[in-house]
Asks: 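What follows is a structure written as structure tokens; I'll ask about it next.
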Amino acid sequence: MSVLNLFILIPFFGSFFALFFKKSAKIFSFFISLIPLYILIFMKQTILSDSVEYSWVKVLSIYFDLKVDDLSYIFLFTTCLIMPIVILAAKEKESFLFSLLLLFQGLLFVFFSTKDLALFTIFFEASLLPVFFIMILWGGDESKKAAIKFIVYMIAGSSFLVAAVLALYFSAHSFNLDVLAKTAEGIPFAPFIFAAFTCAFIVKTPMFPFHGWLSDAYTEAPLTATILLSALLSKLGIYGFFRVGLSLFPTFMEKVNPYLLPLAIFAVLYGAFAAWMSLDYKRLISYSSFSHVNFILAGLFTFNSTGHQGALLQVLNHAVTTTGLFLVASFLEEKIHSRQLFKHRGLLQMMPKLCWCSLIFVLATIALPGTNNFIGEIIILFSVFQDNYLLAACLALNVIFSAIYMLRYMELNFYGREIPKERGFTDIGNEQVFLLLPLMIIIFLIGIYPNILLKNFGVIR
Amino acid sequence: MNYLNSADLLFLSPWIILLFGALLILLTDCFFESCKNQLYGLTLLTFILAFFFKIYAPHTENILLTNWIKSDFVSHFFTLFFLLIGFLSACLASTFFKKFEAEKLDQGEYYFLLIAAVFGLVLIGSSADFLPLFLGLETLSISLYVLCGYVKRWNISKEAAIKYFLLGSFGTAFFLYGVALIYGATGTLNFDALLPAFQAITGKPEKTLFFAGISLVTLGLLFKAAIVPFHTWAPDVYEGSTTPVTAFMATGTKIGAFAAFIRIFLEGLLHFSPLWNLAMALLFVPAVIYANLVAIRQINLRRFFAYSGISHSAFLLIPLAASTKSSISSILLYLLVYVMATFLAFAVLTILDKEKRGLYLEDLKGLYFKSPLLAGFFTLSVLTLAGLPPTVGFLAKFYIFKAGWESGLYFLVIVGLLTAIFSAFYYLRIMSKMFTKKGDILFTSSYLNSSFFVAVICAVLLIFSSILPNFLFNAIYQK
């Protein structure tokens, strides 16, 4: 069995067997989720040269066609990095949760490495279900409502994708992305097909007019689902733009970029303002995540290779920082049982460890020099500047705004003279710090010496 | 050759077995008081025997038969399919009888009528002429009229039976009248001879007669398939009948109607007039939108499944309107998936059933915490019906859309995709009800019964075909 086969199958089998573990499901699935990470890091060359092809549905000429290239590798790496942390962070003990998490990982693996557009569509939609289940099973009433809203939005987006894929299939008679890359732009109605693809990916990411589900879903969902949504599921749309938009319709992408770029930048600022005005710190982080995802899109829409490299780097950075922020926010919520910003102040005195950990992620979000986001955002800003300096100026405002709202989060929770009225808040334990440690290491690693990862990712050749 | 030889009798064996099985059950019920508990087993045996005989039944070339009954792949497929449906319905019925022992229901007649209905269905699936088709439709309908009102003490069932009988007779009458007009125009009732006879028509009056006949036949079949605007009977009848009968109607009647559609319009009169295809296309849009919008408001589950069934049969108008090569196989695939998912849902409903009113949406609350397995089954069924990947329901819908897109019905595909958003909403809402903690769903008995067995079979088939869809696609393709 080839390495790629093994790589794809491990999470699926893990997901099945996790159901039979009662108490040790968490440990089991944690170790299972480490195996793909190991394969990705230490067997990189093998997995890049490997490919898998089976006929899955012969009649519809859908092939189970997998191949990992540099682009897939970055997204796969992000998934593999976040999943063990999500599994360890889960507070629930039911083995079904871990089964769903591993299933989600497996679905993403197929999605990020497939070369078949039909399979791409199927797994694009299928990856919603584990998150949906987590939201309705382990969330409160609000989470259930948010879950339905979220999935209806997502299915609406996916229906665009299905229509586009069907249209493409009947013009090109193939689902294979390599074949389609040669013919896609010449077929009739290609602009409409491209528009449908764009809509599907924009809803998934989400970009400005389609973000209605986002704040409820991120805020109300249980922690695991929130991290999956913000760190990983939002990357599906970005991957879609890279995989389908750039390789199938490069000239269309170039044509619509002048319209999409301002929209993305508007969404960045919109998210920043919404975060600024939030009174609920989890909602604040949700909007901050929304704002930064759109930063990635801004890099993507610049249509020069610098911008794309910055966007790819930000994919990993955003996943790491958002995961960290949601983790520290959930630790805080666990301790103070409130999500309101103005309720407790001066928590630094009682929970110094949590405060310092939060500060690192907050500074990374602000893109302080020396942290990972600085590198990614500066690359993106450069490339936007090449395109249009006015827009670059607008985008650069975000650096100020993110400083405002993120420091507000720090200030209103941890600093301030007042001593919290309720006594007895305890600090987080060492195990929680340990959980955050890998994320912090990556933040500083990329921030101080980005080439170690940039080269390895093939972003800079 | 003017007589039937043994091979021909073997070809007819499914019908013969069903007939004798049904009669045997009726006689046993009348004369052998002590064997009453064996009737269920006898019914299952009848279906299984007929199933195996059909698998190995030879094809026939005998002119005495081929004029009336076809022995091609589609008839083979439908016969096996209907026998399976009969088998699964009988399993559901047995659980129902155990649950409602207090009503003192007589089982013999029920099984007799069920087998009779399946007999009619099998006849529809293999008919080569309007006459056997009509016979099949009537055998099916009359049995169903009785089955609907089977629990005589339930007022709700009485109402359903009367409603179904009155409206159903209208539907049948339209159909029969249409057949008469077609015969008047062409002088033949055989499906294979219909297209040449139609093309030979030159005079305007004959043409008018033919089209009038065709539209009446279509109307009758649309009525049986419960497609908007001929659907009004379905919700009331589904709500009033017992759960196993509803399951049989939701699957059997619907598939019977589409089998007739395939026989007449996709085989006999393929591409006879673009007008007919246009009519089907025009019908699709209001049908699917109406059914999906109304389904959102339903709180009674049997009624809900009536509307969801209406929207599913509306979906099958796309391949009918497309009338391409892949139309038949896309209908067959969709029906297979739909039947498995519907039986899965109804098996769970039968297990949970407690009163005559059936289950309401609120009754599902907290099912996951009482019985994760049943909730899992129901979830699988609902996801398949909603057509969400990775279930095979997505591929079934995709195949339908493909058939539509192939023949340029872009608008229909887009409407279909948009309504899929609605359907996702109401199916997933049911699901989220099951995962609510507050509920206090009651189990009156253990669920290890024949309905559970049905659920396991359907669930295994659905999961298996989701992972390896080639298995399903092979089943619907002619070797």
Side-chain angles (χ1 to χ4, degrees), chain A residues 12 19 54-62 64 94 96 103 106-107 110 118-119 121-129 132-141 143-145 147-171 189 192 196, chain B residues 326 329-330 333 368-369 372 375-376 379 383 386-392 394-395 397-408 410 413-429 431-438 465-474 476-477:
Chain A
F12 286 113
L19 286 174
Y54 301 110
S55 167
W56 194 50
V57 188
K58 218 172 189 174
V59 180
L60 297 172
S61 59
I62 301 176
F64 210 85
E94 288 93 334
F96 188 44
L103 180 69
L107 295 174
V110 180
L119 220 58
T121 316
I122 290 169
F123 283 86
F124 186 79
E125 221 173 316
S127 55
L128 302 170
L129 287 178
F132 176 74
F133 276 113
I134 294 174
M135 282 172 86
I136 59 173
L137 267 173
W138 287 280
D141 281 346
S143 171
K144 281 198 183 65
K145 273 184 211 154
I148 298 250
K149 196 168 162 190
F150 153 74
I151 201 136
V152 169
Y153 257 96
M154 288 295 133
I155 287 167
S158 306
S159 59
F160 281 110
L161 192 61
V162 174
V165 168
L166 273 175
L168 213 52
Y169 177 73
F170 284 107
S171 310
F189 302 115
F192 293 99
Chain B
S326 53
S329 45
S330 69
L333 179 77
Y368 172 75
F369 298 96
T379 305
L383 288 180
L388 289 183
T391 63
V392 70
F394 175 79
L395 283 177
K397 266 203 175 126
F398 195 77
Y399 201 22
I400 294 263
F401 289 144
K402 183 175 173 262
W405 201 279
E406 243 172 347
S407 42
Y410 308 122
V413 174
I414 288 166
V415 172
L417 280 169
L418 290 180
T419 49
I421 303 171
F422 287 110
S423 66
F425 170 72
Y426 57 71
Y427 283 122
L428 293 176
R429 197 186 45 177
M431 244 172 69
S432 77
K433 278 273 184 293
M434 285 191 292
F435 296 103
T436 310
K437 271 203 183 90
K438 285 167 207 154
S465 50
S466 299
I467 298 171
L468 297 169
N470 260 340
F471 148 78
L472 258 194
F473 278 89
N474 286 339
I476 53 156
Y477 264 82

Asks: Quick check on Phe160(A): does its CZ atom have over 12 non-hydrogen neighbours (other residues, nucleotides or ligands) under 6.0 Å away?
Replies: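 No.
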Asks: So, for Val57(A) and Pro469(B), which heavy atoms are closest and what is the spacing to 0.1 Å?
Replies: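 Where Val57(A) meets Pro469(B) most closely, the heavy atoms are CG2-CG, 3.5 Å.
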Asks: In terms of heavy-atom contacts, does CZ of Phe422(B) have more than 12 from other residues, nucleotides or ligands at under 6.0 Å?
Replies: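 Result for CZ/Phe422(B): open.
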Asks: Are Phe398(B) and Leu166(A) packed together at the side-chain level, in the sense that at least one heavy-atom pair is separated by less than 4.5 angstrom?
Replies: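 They are in side-chain contact.
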Asks: Within a strict 4.5 Å, meaning less than it, do heavy atoms of the Phe133(A) and Thr379(B) side chains meet?
Replies: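 Yes; the side chains approach each other to less than 4.5 Å.
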Asks: Check whether Lys58(A) gets within reach of chain B through its side chain, its backbone, both or neither, counting any heavy atom under 4.5 Å.
Replies: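 Both backbone and side chain of Lys58(A) come within 4.5 Å of chain B.
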Asks: Heavy-atom distances under 4.5 Å only: say whether Ile122(A) touches chain B with side chain, backbone, both or neither.
Replies: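 For Ile122(A), backbone and side chain are both near chain B.
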Asks: If you take all heavy atoms of Val152(A) and Ile421(B), which pair is closest and at what distance?
Replies: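 Closest heavy-atom pair between Val152(A) and Ile421(B): CG1-CG2, 3.7 Å.
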Asks: Does any backbone or side-chain atom of Tyr54(A) lie under 4.5 Å from a heavy atom of chain B? Answer side chain, backbone, both or neither.
Replies: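 No part of Tyr54(A) comes within 4.5 Å of chain B.
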Asks: Side chain from CB out, backbone as N, CA, C, O: work out which of these in Ala167(A) comes under 4.5 Å of a heavy atom of chain B, or both, or neither.
Replies: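 The answer is both parts of Ala167(A).
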Asks: Using the side chain to side chain contact (heavy atoms under 4.5 Å, CB included) rule, pick out the option among Leu103(A), Leu129(A), Val110(A) that qualifies with Pro390(B).
Replies: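 Answer after filtering Leu103(A), Leu129(A), Val110(A): Leu129(A).
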Asks: Return the option, out of Phe401(B), Trp405(B), Tyr399(B), with the maximum number of heavy-atom pairs under 4.5 Å with chain A.
Replies: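 Highest number of pairs under 4.5 Å: Trp405(B).
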Asks: Can you tell me how far apart NZ (Lys144(A)) and NZ (Lys433(B)) are? Round to the nearest 0.5 Å.
Replies: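 Atom-to-atom, Lys144(A):NZ and Lys433(B):NZ are 9.5 Å apart.
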Asks: To the nearest 0.5 Å, what is the distance between OH on Tyr410(B) and CZ on Phe170(A)?
Replies: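 That separation rounds to 9.0 Å.
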Asks: Does the Trp56(A) side chain pair with the main chain of Ile467(B), one donor and one acceptor, at a distance under 3.5 Å?
Replies: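 Yes; at least one donor-acceptor contact below 3.5 Å.
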Asks: Starting from the C-alpha separation in whole Å, work towards a yes-or-no answer on side-chain contact (heavy atoms from CB on, under 4.5 Å) for Ile62(A) and Leu395(B).
Replies: CA-CA 11 Å; Ile62(A) 301 176; Leu395(B) 283 177; 4.1 Å; yes
Asks: How many angstroms lie between OG in Ser432(B) and CE in Met135(A), if you round to the nearest 0.5 Å?
Replies: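 Nearest 0.5 Å value for the OG-CE distance: 11.5 Å.
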Asks: Phe123(A) versus chain B, heavy atoms under 4.5 Å apart: side chain, backbone, both or neither?
Replies: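 No part of Phe123(A) comes within 4.5 Å of chain B.
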Asks: Can you see which heavy atom on Glu125(A) is nearest to which on Leu388(B), and at what distance?
Replies: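 Where Glu125(A) meets Leu388(B) most closely, the heavy atoms are OE2-CD2, 3.5 Å.
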Asks: Does the side chain of Val162(A) come within less than 4.5 Å of Phe394(B)'s, by heavy atoms?
Replies: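 Yes, close enough: below the 4.5 Å cut-off.
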Asks: Is Phe96(A) close to Tyr368(B) at the side-chain level, that is, under 4.5 Å between some pair of heavy atoms?
Replies: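 With C-beta onward as the side chain, the pair touches.
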Asks: About how many Å separate NZ of Lys402(B) and CG of Leu60(A), when rounded to the nearest 0.5 Å?
Replies: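 Those atoms lie 5.5 Å apart.
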Asks: Which pair of heavy atoms, one from Ile148(A) and one from Arg429(B), lies closest together, and at what distance?
Replies: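 Closest approach of Ile148(A) to Arg429(B): CD1-CA, 3.7 Å.
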Asks: Run the side-chain contact (heavy atoms from CB on, under 4.5 Å) test on Leu428(B) and Ile155(A) for me, step by step, so that the C-alpha distance in whole Å, both residues' side-chain angles and the decisive distance to 0.1 Å come before the verdict.
Replies: CA-CA 11 Å; Leu428(B) 293 176; Ile155(A) 287 167; 4.2 Å; yes
Asks: Heavy-atom distance under 4.5 Å to chain B: side chain of Ser55(A), backbone, both or neither?
Replies: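 For Ser55(A), heavy atoms of backbone and side chain both lie under 4.5 Å from chain B.
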